[in-house]
Each structure stands twice: as C-alpha cells, then as structure tokens.
Asker: 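To start, I am sharing the structure in question, which I have written as structure tokens.
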2 protein chains.
Amino acid sequence: MKINRATDYGVRLMVYLAACEGRVVPRAEIASAMEIPPEFLAKIAQHLAKAGLLEIRQGRAGGYRLKRPSQEITLLEVVEALEGEIALNLCVGHPESCRFSPTCKVHLVWEAATEGLRDLLGNIYLANLIEKKAKSDEEVG
Amino acid sequence: MKINRATDYGVRLMVYLAACEGRVVPRAEIASAMEIPPEFLAKIAQHLAKAGLLEIRQGRAGGYRLKRPSQEITLLEVVEALEGEIALNLCVGHPESCRFSPTCKVHLVWEAATEGLRDLLGNIYLANLIEKKAKSDEEVG
DNA sequence: AGTAACTGGATCTTTTTTATCTTAAATTTT
DNA sequence: AAAATTTAAGATAAAAAAGATCCAGTTACT
C-alpha cells in the first residue's frame, strides 16, 4: 500500500516544473536536481505527457514544461496518470473480480477509503506545493 | 497503492472467524469458504498469530480462532499486522530516506493521507463487518 | 550540416508477491 | 501407546511487478 517510485519521481518532476513557471526545463537539470535516474525520468515524462499534464519540447533547447497552470493540476491527476485510477483493493472498481463483493462489507470499506484518498489528493494543487520564493513585497513589506 | 493479496486474504480470514464466534475453525474450512489457497492461508494465519490477533490450535481438532473479541479488533490492526505500518510513501515514517523531506510540502501530504487512512481503518472493527444472522426479534420485529 | 535533446521500444536486473513443498510437532481419538 | 489429524516453520520456486538502462531514430536550434 505505497505509491511506487515512478510516482514519487513523477510528483517531484511536476512540482519542480511548477516552480519553474513555464520555463522549458531540460531533463538533465531535473534529473540532477531531483535525484532521478535520467532515463527513467524520460519514461515518466512520456506518461505524463500522454496524460496531458506536461508538454515535451524536443530538439536542441528541448525539455519539459507544464501543460496547464500549476493552480489547475492536482496531485490526484499526477498520481493517477502514473498508477491508473487509485483503488486500494482489486475489488474496488472491479467488483466482478471478487465473488463476495455484492454482500461484502469490507468491500464498502475499501471503497470508502479509496474515495477518501482520492478526495484528499484531488484537492491539492501543484501550486500549493511549491516553496514560495521570497518576493520583495512579501518579504520586506 | 493497493493492499496485497495476503492482506485481502487475511481480512477475509479474520472476518470469517469473527462470524464464527469463538469456535475453533479448521483451516480447510476457511480456505474453501473464502477461496484462499490453504498453504498460503497457513502463512497468513501465522503472521496474525504472532501479532496476537488470532489463536492457533494444533493437533487433531485444531484450527484458528480470534484471540480477542471481534468488537475490539480493528481493520487497521489486521492490515498492519500483515503489511507493517501503513505509509503511502517511503518518506512517511522514514524522513531520512529522502534528502528533501525536511522542506518538502509533498511529504506533508503523504503524511496527512497516511494518517487519514489509518484513522479510517482504525475505526472499523471486525464486529462491524460481519453479516448479521437474522435474529427473531430483529427480523420479525 | 552539425549538434543537442528527447522518443519509443526493447531489454535486463532486481525485488516483491504469491504459492507450494517438506519435515516436524502438537493434540485428540482409539 | 499408537494412529490419525491438523498445524508449524523453513526452504524453495514460479510469476509478476518494479526499477533501470540501452540504443537507433527523430526533432529542432544554430
């Protein structure tokens, strides 16, 4: 019951991009800053791109960039882009996988827990997750 | 981000035992009723026994039985007996595993989500999960 | 054209999960 | 005490998933 490494990396990637505000960031920079194996990062980025969460620029000054504003991308989207829809047990979302699920009270618990988790992650936006750079009027004023 | 099969089986086992109200239930019966490979079930039961959740009777009329009343055993205990303490990401419970965690806002999210999940499971008791047999005064009114 | 940067698919290694096999021990019945 | 039944505990194995890497090909800037 853990997210996998790819998801962890993917979240780091997205948060890093959010902090870069629209700049096209080369993969090597992210890999080094976030301590992610660069080749693995490439794969993760490709998934996130297919899910419409980031934009890939190929060619000489290529790299990655968020596709949408960081205020509009939730952690849930990032996680589910990489792991598929969250389901804490097989029977969640696939009741047919378990003969007992129609009458099973545990099934209901897994569903409730899954929903709770999805709700929580669905209310957190990348913008909430970046360390705010000190801005003059915030910092001094 | 799923419980594993052993945990699913373990929960079924515990709920089945809860429904059997203190009877010593042979492994074969549980395995067959709950559709769990018997040898695998044995391993799971051993774990749960070590965690003090069930009692194993060896020998001829042997089998398994809850160690404590079903009103006092939570789903959280069962899950954590089999998977270790729930932690949705490596960094939860082991902040030293990630260089970034001291300042990482995502870390806080994983912690909050983990706590949410543990709370939910910690408030559900085996007794809540068994199908009540129709009792005359409940059923007929 | 030349170079820098990413793609997409294949491959490979390691780890985890799931399951089984085997010998031994415990307990009840005869 | 012997026999029958039932589980223990450790080893092993098979399958699946996770994590990582490689490379030929493509894109785009200068």
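Reckoned from all heavy atoms, side chains included, excluding hydrogens, waters and symmetry mates. Naming convention: chains lettered A, B, ... in sequence-line order (proteins, then strands); numbering from 1 in each chain.
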Asker: Would you confirm whether A:E83, through its side chain, and A:E80, through its main-chain N or O, come within 3.5 Å as a donor-acceptor pair?
Answerer: no

Asker: In terms of side-chain geometry, is the basic nitrogen of A:E55 or A:K67 positioned less than 4.0 Å from the acidic oxygen of its partner?
Answerer: no

Asker: Tell me yes or no: between the side chains of B:Y9 and B:E35, is some donor less than 3.5 Å from an acceptor?
Answerer: no

Asker: Closest approach to the side chain of B:R27, judged atom by atom: which nucleotide of D:dT7, C:dT7, D:dC23 is it?
Answerer: D:dT7

Asker: State which of D:dT27, D:dC23, C:dT18 makes the closest approach to the side chain of B:N4.
Answerer: C:dT18

Asker: Among C:dA19, D:dA9, D:dT21, find the nucleotide with the atom closest to the side chain of B:K43.
Answerer: D:dA9

Asker: Does B:R57 make a side-chain N or O approach to OP1 or OP2 of C:dT28 shorter than 4.0 Å?
Answerer: yes

Asker: Under 4.0 Å, counting only non-hydrogen atoms across every strand here, what does A:A45 touch: a base, just sugar-phosphate, or nothing?
Answerer: nothing

Asker: Can you tell me the distance, in whole Å, between the NE2 atom of B:H47 and the P atom of D:dA9?
Answerer: 11 Å

Asker: From C:dT18, C:dT3, D:dT21, pick the nucleotide closest to the side chain of A:F40?
Answerer: D:dT21

Asker: Give the nucleotide from the list C:dC21, C:dA19, C:dT3 with an atom nearest to the side chain of B:E39.
Answerer: C:dC21

Asker: Where the side chain of A:Y9 is concerned, which of D:dT30, C:dG8, D:dA20 is the nearest nucleotide?
Answerer: D:dA20

Asker: Taking CZ in A:R57 as the centre, count heavy atoms belonging to other residues, nucleotides or ligands within less than 6.0 Å. Is the count above 12?
Answerer: no

Asker: Measure from CD on A:Q58 to C1' on C:dG8 and round the result to the nearest Å.
Answerer: 10 Å

Asker: Starting from the 5' end of DNA chain D, give me the residue, A:P38 or A:R60, whose nearest nucleotide shows up first.
Answerer: A:P38

Asker: Whole angstrom is fine here: how far is it from CG in B:L90 over to C1' in C:dT16?
Answerer: 14 Å

Asker: I need the CD-P distance between B:E55 and D:dA8, as an integer number of Å.
Answerer: 12 Å

Asker: Can you tell me which nucleotide in C:dT20, D:dA8, D:dG19 comes closest to the side chain of B:I56?
Answerer: D:dA8

Asker: Between D:dT6 atom P and B:R65 atom CZ, what is the distance in whole Å?
Answerer: 16 Å

Asker: I need the CG-P distance between B:L82 and C:dT18, as an integer number of Å.
Answerer: 11 Å

Asker: Does a side-chain N or O of A:Y64 approach OP1 or OP2 of C:dT7 to a distance below 4.0 Å, or not?
Answerer: yes

Asker: For B:I130 versus B:A18, what's the shortest heavy-atom pair and its separation?
Answerer: CG2-CB, 3.7 Å

Asker: Can you check the B:K2 NZ to D:dA16 C1' distance for me, whole Å?
Answerer: 14 Å

Asker: Contact class for A:G62 vs. all strands (heavy atom < 4.0 Å): base, sugar-phosphate, or nothing?
Answerer: sugar-phosphate

Asker: Just how far, in rounded Å, is P of D:dT7 from NZ of B:K50?
Answerer: 17 Å

